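A quick note: this is a predicted structure, and the numbers were derived from the prediction, not measured. Atom set for the values below is all heavy atoms of this structure, side chains included, hydrogens, waters and symmetry mates excluded.
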Amino acid sequence: MTMATFHKKHFRSSSNVTISAVFFDLDNTLIETRKGDNQTCRKLAEELTQEYGIPEDVSVKITTTYLKLFRKCPDNVTHTLDVWRITLWSKALGEKYSYLAKKVYERWLYLRYYYLMLASDVVSMLRQMRLKYLLGLITNGPSNAQWEKIRKLSLEQYFDIILVSGDLAWEKPEREIFRKACRFLNVKPDKCIMVGDKLETDILGGVKAGLGATIWIPISDKSSLLRDDPQPDFTISHITDLLSILNRGPDAPELEDSSSNASDGS
């Protein structure tokens, strides 16, 4: 069942309202990074116990420690990605098990991209959208780490432009990163929409750049709007719900306005 909430203004894809381009955020929008990384570490903890005889509670502590270290600093400019991550695994494994760091890292890397792979319905959506719209990927993050995701997940085939903040002088929510995408695609900002999970970067940035609309996909710990939050035009529960908005005809009924519930900060 599609869940979509209308917030501010009437928006539709029709003959007299032309949307030319759709911009996507990467992490926790196009791919479920947080969920995938958690799944990877749970599976890896099981394997550490099964294959190396590491006690179950110790295995969980090792993978939890790694994930905290990794999220705090996913890249280090003085090391390659491989060397940096092996260093983090060595710390997480501790003196007793640090000899396993390289093997564990290689297994983590395999599992990570297994769990981060695009779902078939998302692939289908992107292919459908490409027939009608220009598509852009705009992501904040270190260049090497973000481009690894893009390439290992074969995302380049779906997009007309990919911008990684680590390669540029700006990052979301700065207006210029959105405007750069618009200029490259030769489209006006008001003919573009931004889809993302973060109010403070994706939604605020889209508003500041003067995009035609912003669409928010909240993650579980931030599922409702506060009065002072950047206000998206739509809230959807899953990325594929985007099609229900873009495919709405000019005579479609308005979606429910639930902004009156936006004060709930839970």
For the hydrophobic clusters of this structure (ILVMFWY residues joined by side-chain heavy atoms under 4.5 Å, transitively), does one cluster hold both [X] and [Y]?
X	Y	result
Tyr105	Val83	no
Phe23	Leu204	no
Tyr99	Val104	yes
Val60	Leu100	no
Leu111	Ile86	yes

Check the pair Phe159 / Leu30 against side chain to side chain contact (heavy atoms under 4.5 Å, CB included), numbers first and verdict last.
CA-CA 12 Å; Phe159 294 97; Leu30 190 67; 3.7 Å; yes
Could you tell me if the side chain of [Y] sits less than 4.5 Å from the side chain of [X], heavy atoms only?
X	Y	answer
Leu163	Leu137	no
Lys180	Leu168	yes
Pro232	Leu199	yes
Ser20	Thr18	yes
Lys35	Tyr115	no
Lys198	Asp25	no
Val22	Arg130	no
Leu69	Lys91	yes

Greater than 12 external heavy atoms within 6.0 Å of [X]'s [atom1]:
X	atom1	value
Asp57	CG	yes
Lys61	NZ	no
Tyr110	OH	no
Tyr114	OH	no
Glu56	CD	no
Arg107	CZ	yes

If only side-chain N and O atoms count, and only distance matters, is there a donor-acceptor pair under 3.5 Å linking Asp241 with Ser237?
yes
Thr80-Asp82 side chain donor-acceptor pair, cut-off 3.5 Å
no
Run Leu243 and Met129 through side chain to side chain contact (heavy atoms under 4.5 Å, CB included) and show every step you take.
CA-CA 8 Å; Leu243 290 174; Met129 291 180 65; 3.9 Å; yes
When you measure from the side chain of [X] to the backbone N and O of [Y], does any donor-acceptor pair fall under 3.5 Å?
X	Y	value
Thr29	Leu26	no
Ser165	Gly141	yes
Glu51	Leu48	no
Arg179	Ala209	yes
Trp216	Thr235	no
Thr49	Ile54	yes
Asn76	Thr78	yes
Thr40	Gly36	yes
Asp233	Thr214	yes

For [X] and [Y], which heavy atoms make the closest approach, and how far apart are they?
X	Y	answer
Leu81	Glu148	CD1-OE2, 3.7 Å
Asn38	Arg71	OD1-NH2, 3.3 Å
Phe70	Asp37	CE2-OD2, 4.1 Å
Ala21	Leu185	CB-CD1, 4.2 Å
Leu135	Tyr158	CD1-O, 3.5 Å
Ser154	Gln157	O-NE2, 2.8 Å

Lys/Arg N to Asp/Glu carboxylate O, [X] vs [Y], below 4.0 Å:
X	Y	answer
Lys172	Asp202	yes
Glu176	Arg183	yes
Lys102	Glu106	yes

Member of Asp27, Asp167, Asp75 meeting the side-chain hydrogen bond (donor to acceptor under 3.5 Å, both in side chains) criterion with Gln146
Asp27
Can you confirm whether or not the ring centre of Tyr66 sits under 6.0 Å from the ring centre of Trp89?
yes
Leu246/Ile193 under side chain to side chain contact (heavy atoms under 4.5 Å, CB included): CA gap, chis, key distance, verdict:
CA-CA 10 Å; Leu246 292 172; Ile193 63 176; 3.7 Å; yes
Rounded to the nearest 0.5 Å, what's the gap from [atom1] on [X] to [atom2] on [Y]? Could you check?
X	Y	atom1	atom2	value
Ile150	Thr139	CD1	OG1	6.5 Å
Ile203	Lys208	CD1	NZ	13.5 Å
Leu134	Cys182	CG	SG	10.5 Å
Ser244	Phe234	OG	CZ	8.5 Å
Asn144	Lys149	CG	NZ	12.0 Å
Glu32	Ile219	CD	CD1	11.0 Å

Take Phe178 and Leu211 through the test side chain to side chain contact (heavy atoms under 4.5 Å, CB included) and record every step on the way to the result.
CA-CA 8 Å; Phe178 299 92; Leu211 301 189; 4.1 Å; yes
Can you label the angle between the Trp84 ring and the His79 ring as parallel, tilted or perpendicular, going by 30° and 60°?
tilted
